[in-house]
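Here is the structure we will look at.
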There are 2 protein chains.
Amino acid sequence: MERDETYEHAQKLLKMTGLRPTRQRLGLAHLLFDQGNRHVTAEGLHSEACKSGLSVSLATVYNTLHQFMEAGLLNQVNLEGARTYFDTNLEPHGHYYFADRRELMDVPAPGFDKTALPAPPEGTQITRVDVIVTLHDVPK
Amino acid sequence: MERDETYEHAQKLLKMTGLRPTRQRLGLAHLLFDQGNRHVTAEGLHSEACKSGLSVSLATVYNTLHQFMEAGLLNQVNLEGARTYFDTNLEPHGHYYFADRRELMDVPAPGFDKTALPAPPEGTQITRVDVIVTLHDVPK
DNA sequence: AACGCCAAATAGAACGATTCTAATCTTATC
DNA sequence: GATAAGATTAGAATCGTTCTATTTGGCGTT
């Protein structure tokens, strides 16, 4: 019995967004959304895709990640060192950044209340709130 | 009566840190610390220095900003787009990021409690907490 | 004031992550 | 299966930043 490669779930997501279900987008959607919440970089996802046998260029990975962002399927996380991470968890939450390992983890309880923020200055509106807790290994 | 260019305050700061009071470091310290809290980028500070008649290279601005960080005179703020800002406000606080203007402002009341964060995972310690509230102009 | 040592400053090359460009290939439609 | 619009591609270009090798400058000693 063969492995099912129809990517039903990914198909459905793409249909929702109106993006054409190309081989690359399907494969990337599958990697991103069919295994629980993830934090990926473009480079990371690209090499993962290549390993899994999906032929896709780095430029397309960038394009696709941005399109998924636009479509509201992903969130961006910005942190030190120019590296951008993409997060499949759409709930409001914070992040632990394990600096020594360059890895991200959701903070279960962000410990801050978005609604408790002071009203933003006149003529502006809040578009995102990022809470990043940077961690280093304790030297022993 | 001539303008006083001895930069007393800057001199004092450099003495405290043990960094040699070179012309460049004095000038930059003066720009950074003698006019209230500031948020600067390396590029921004460099062009400001040039305009004010201080001859300094971009590399030196980067070096100096990092040395001031090491010395605890500055904090770094990381946000989208690979651009790093340096902040002279050393108190714990959050930031508004005016995305349309690419400008930073301190958030008077951060609206979160650092102590309310869950204990970090075993073997790690919190080295920084960044709270960034991104704002966009309201289209009217 | 001249000497010399070493830290600091410099220009420009190198770098990593990302975006752009122009050509080629796919997909959906007729 | 021809067509047009959209998607993918390799590689060049860009941005902010760091590195490198060389020159300059601060400062304690003669």
Side-chain angles (χ1 to χ4, degrees), chain A residues 6-7 10-11 13-15 17-29 31 39-50 53-71 74 76-86 97 99 102-104, chain B residues 6-7 10-11 13-15 17-31 39-50 53-71 73-74 76-86 97 99 102-104:
Chain A
T6 55
Y7 300 155
Q11 295 259 16
L13 284 176
L14 288 184
K15 182 148 284 176
T17 65
L19 291 166
R20 275 200 200 173
T22 64
R23 195 160 31 79
Q24 287 81 350
R25 292 212 268 238
L26 276 170
L28 294 175
L31 288 173
H39 300 99
V40 302
T41 61
E43 291 274 5
L45 183 59
H46 180 239
S47 73
E48 197 179 322
C50 292
L54 174 66
S55 151
V56 61
S57 72
L58 184 56
T60 297
V61 172
Y62 275 104
N63 289 340
T64 304
L65 285 170
H66 288 139
Q67 289 152 357
F68 287 179
M69 276 253 305
E70 287 278 294
L74 288 176
Q76 220 177 13
V77 186
N78 308 115
L79 30 86
E80 58 103 28
R83 254 178 137 73
T84 301
Y85 284 76
F86 295 85
Y97 176 54
R102 296 185 129 201
E103 253 172 53
L104 272 185
Chain B
T6 55
Y7 299 155
Q11 295 258 16
L13 283 176
L14 288 184
K15 182 148 286 177
T17 65
L19 292 167
R20 270 201 206 170
T22 63
R23 195 160 33 77
Q24 287 81 351
R25 292 211 269 236
L26 277 169
L28 295 175
H30 176 64
L31 289 173
H39 300 99
V40 303
T41 60
E43 291 274 5
L45 183 60
H46 179 239
S47 74
E48 197 179 322
C50 291
L54 173 65
S55 151
V56 62
S57 72
L58 183 56
T60 297
V61 173
Y62 274 104
N63 289 339
T64 305
L65 286 170
H66 287 139
Q67 289 151 358
F68 287 0
M69 276 253 305
E70 287 278 294
L73 298 175
L74 289 175
Q76 220 177 14
V77 186
N78 307 115
L79 31 85
E80 58 103 28
R83 255 178 136 75
T84 301
Y85 283 75
F86 295 85
Y97 176 56
R102 297 185 130 202
E103 252 172 54
L104 272 184

Atom-pair distance (CG on B:Leu14; P on D:dG26), nearest Å: 13 Å

How many Å lie between CG on B:Leu45 and C1' on D:dT17, as a whole number? 15 Å

Any side-chain N or O of A:Thr84 under 4.0 Å from OP1/OP2 of C:dT18? yes

Quick one: is D:dA7 close enough that its OP1 or OP2 comes under 4.0 Å of any side-chain N or O from A:Arg25? yes

Above 12 or not: heavy atoms from other molecules or residues under 6.0 Å from CD of A:Glu70? no

Between D:dT8 (C1') and A:His46 (NE2): distance, integer Å: 12 Å

Any donor-acceptor N/O pair, B:His46 side chain to B:Val56 backbone, under 3.5 Å: yes

Do A:Thr84 and A:Val77 have side-chain heavy atoms sitting under 4.5 Å apart? no

In whole Å, I'd like the distance from the CG atom of B:Leu19 to the C1' atom of C:dC6. 15 Å

Return the value, rounded to whole Å, for the distance between atom CG of A:Leu65 and atom C1' of C:dA17. 13 Å

Nucleotide by nucleotide, nucleotides 19-30 of chain C touches protein heavy atoms under 4.0 Å in the pattern (B base, S sugar-phosphate only, - none) BB-----BBS--

What is the distance from CG of A:Asn78 to P of C:dA17, rounded to the nearest Å? 15 Å

B:His30 and B:Tyr7: aromatic ring centres closer than 6.0 Å? yes

So, do B:Thr60 and B:Tyr62 sit near enough that their side-chain heavy atoms are less than 4.5 Å apart? no

Assess whether side chain to side chain contact (heavy atoms under 4.5 Å, CB included) is satisfied between B:Leu28 and B:Arg25, documenting all intermediate values. CA-CA 5 Å; B:Leu28 295 175; B:Arg25 292 211 269 236; 5.9 Å; no

Is the distance from OP1 or OP2 of C:dA9 to the nearest side-chain N or O of B:Ser57 less than 4.0 Å? no

Phosphate-side-chain proximity, A:Gln24 and D:dT9, N/O vs OP1/OP2 below 4.0 Å: yes

What is the distance, rounded to the nearest whole Å, between atom CZ of A:Arg83 and atom C1' of D:dG16? 16 Å

Side chain to side chain contact (heavy atoms under 4.5 Å, CB included), that's the test. Do A:Arg20 and A:Leu14 meet it? Break it down for me. CA-CA 7 Å; A:Arg20 275 200 200 173; A:Leu14 288 184; over 6 Å; no

Heavy atoms only, 4.0 Å cut-off, all strands: where does A:Ser55 land among base, sugar-phosphate and nothing? sugar-phosphate

Gap between atoms CD and C1', on A:Glu70 and D:dG6 respectively (whole Å): 16 Å

